[in-house]
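Only one structure is covered here, and it is reproduced in the block below.
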Amino acid sequence: MVVRGLGVPGISQITANQKRKDYIMKDIRYAPIGVFDSGVGGLTVAREIMRQIPNEKIVYFGDTARVPYGSKSKETIIRFSRQIVHFLRTKDVKAVVIACNTASALALETLQPELDIPIIGVVAPGAKVAAETTRNGKIGVIATESTIESRLYTRVIQEHNPQAQVFGKPCPLFVPLVEEGWIKDPVTVEVASRYLEPLLATGIDTLVMGCTHYPLLRSVLREIMGEKVTLVNPAYETARELKCLLTREGIANDGQEVPEQQAGHRFYVSDAANKFRQFANTILPFGVDTTQLIHIEDY
Ligand code: DGL
């Protein structure tokens, strides 16, 4: 007697499984999200996406060869960002998140009309929440020089809250301090006090941490600003916005193909892959074993 369905699938069963697999591979819902930054800092955004939308796979690119972006011109940042988006498209991403505040401030507006998939940055989500959070209408923004000069945070905050007063302060030393691992070091506290005291004096009640690295300094910032000032983390707000966007567009991963920790995510850099991996391992909730080096100027 032949017993069907006990361990040995019939031909039709194999074909059906293969068809389903092919379907899943082609279904845009199971495509990854492209996330990019000038280097390691954008991992704070990737981490928030992994926390808030664990079904989604990420293809991360860190432009470690050309970091920092924070002191570069708009033209250069647009050129770099365009190359990166071209690279991410080769990985069949279904949406792009510009994790870098500087690139969001200077390149998003130009790139958006060039793309047929959704692309979002971190500035608008952070600015919107700051505008909604303030009680006295005084908001501080700390970021790189280029982000502050672009005045995009001010523009978006005032679109949502026309009465708001925005006080921008570039804090260029924060990025190297974080990358050096001096998160709670007395030197960092001293530098932060110098940057933040003029902001405190304005009476702000809300402070936007407008650079990828700054949420890692949260406890120092909190100590200096005190409990009454609300700290806004654009990385957190961007992950929330991405979640809404994927649902709205009908392209959210429904969980049939859930990434297993690191296995679901891929990391690419333009230089210093080992250094990137070491930093990633201090930020992400799992070990990053492989980081692929690519030549970004080819895209
Ligand atoms: N990722 C950048 C940002 O958020 C900071 C580092 C840089 O200057 O490239 O603005």
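Order of appearance sets the numbers: ligands from 1, and atoms from 1 within every ligand. Hydrogens, waters and symmetry mates are skipped; everything else that's a heavy atom, side chains included, is used.
- Of all heavy-atom pairs between G210 and Y153, the closest is CA-OH, 3.7 Å.
- Aromatic ring centroids of F174 and Y195 lie under 6.0 Å apart.
- In this structure the side chain of D271 never reaches within 4.5 angstrom of the side chain of R66, judged on heavy atoms.
- In this structure, atom 8 (O) of ligand 1 lies nearest to the protein heavy atom G70 N, 2.8 Å.
- In this structure, the separation between CG on L284 and CE on M50 is 5.0 Å, given to the nearest 0.5 Å.
- Given atom 10 (O) of ligand 1, the protein heavy atom at minimum distance is T102 OG1, 2.6 Å.
- The contact set between ligand 1 and D37, taken as ligand atoms under 4.0 Å from a residue heavy atom, comprises 1 (N).
- Of the polar atoms of T212, at least one N or O is found under 3.5 Å from an N or O of ligand 1, judged by distance alone.
- Atom 2 (C) of ligand 1 has as its closest protein heavy atom C100 SG, 3.5 Å.
- Considering only non-hydrogen protein atoms, atom 5 (C) of ligand 1 sits nearest to C211 SG, 3.5 Å.
- The two atoms that bring N233 and P215 nearest to each other are OD1-CG, 3.3 Å, heavy atoms only.
- Heavy-atom proximity to V67, at under 4.0 Å, picks out these atoms of ligand 1: 9 (O).
- Under 4.0 Å from ligand 1, the heavy atoms of T144 that appear belong solely to its side chain.
- Distances below 4.0 Å separate heavy atoms of Y69 from the following atoms of ligand 1: 7 (C), 8 (O), 9 (O).
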Pair V129, T206 - check side chain to side chain contact (heavy atoms under 4.5 Å, CB included), show working. CA-CA 10 Å; V129 168; T206 305; over 6 Å; no
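- At least one N/O-N/O distance between S38 and ligand 1 falls below 3.5 Å.
- Aromatic pair Y299/F61: centroids not less than 6.0 angstrom apart.
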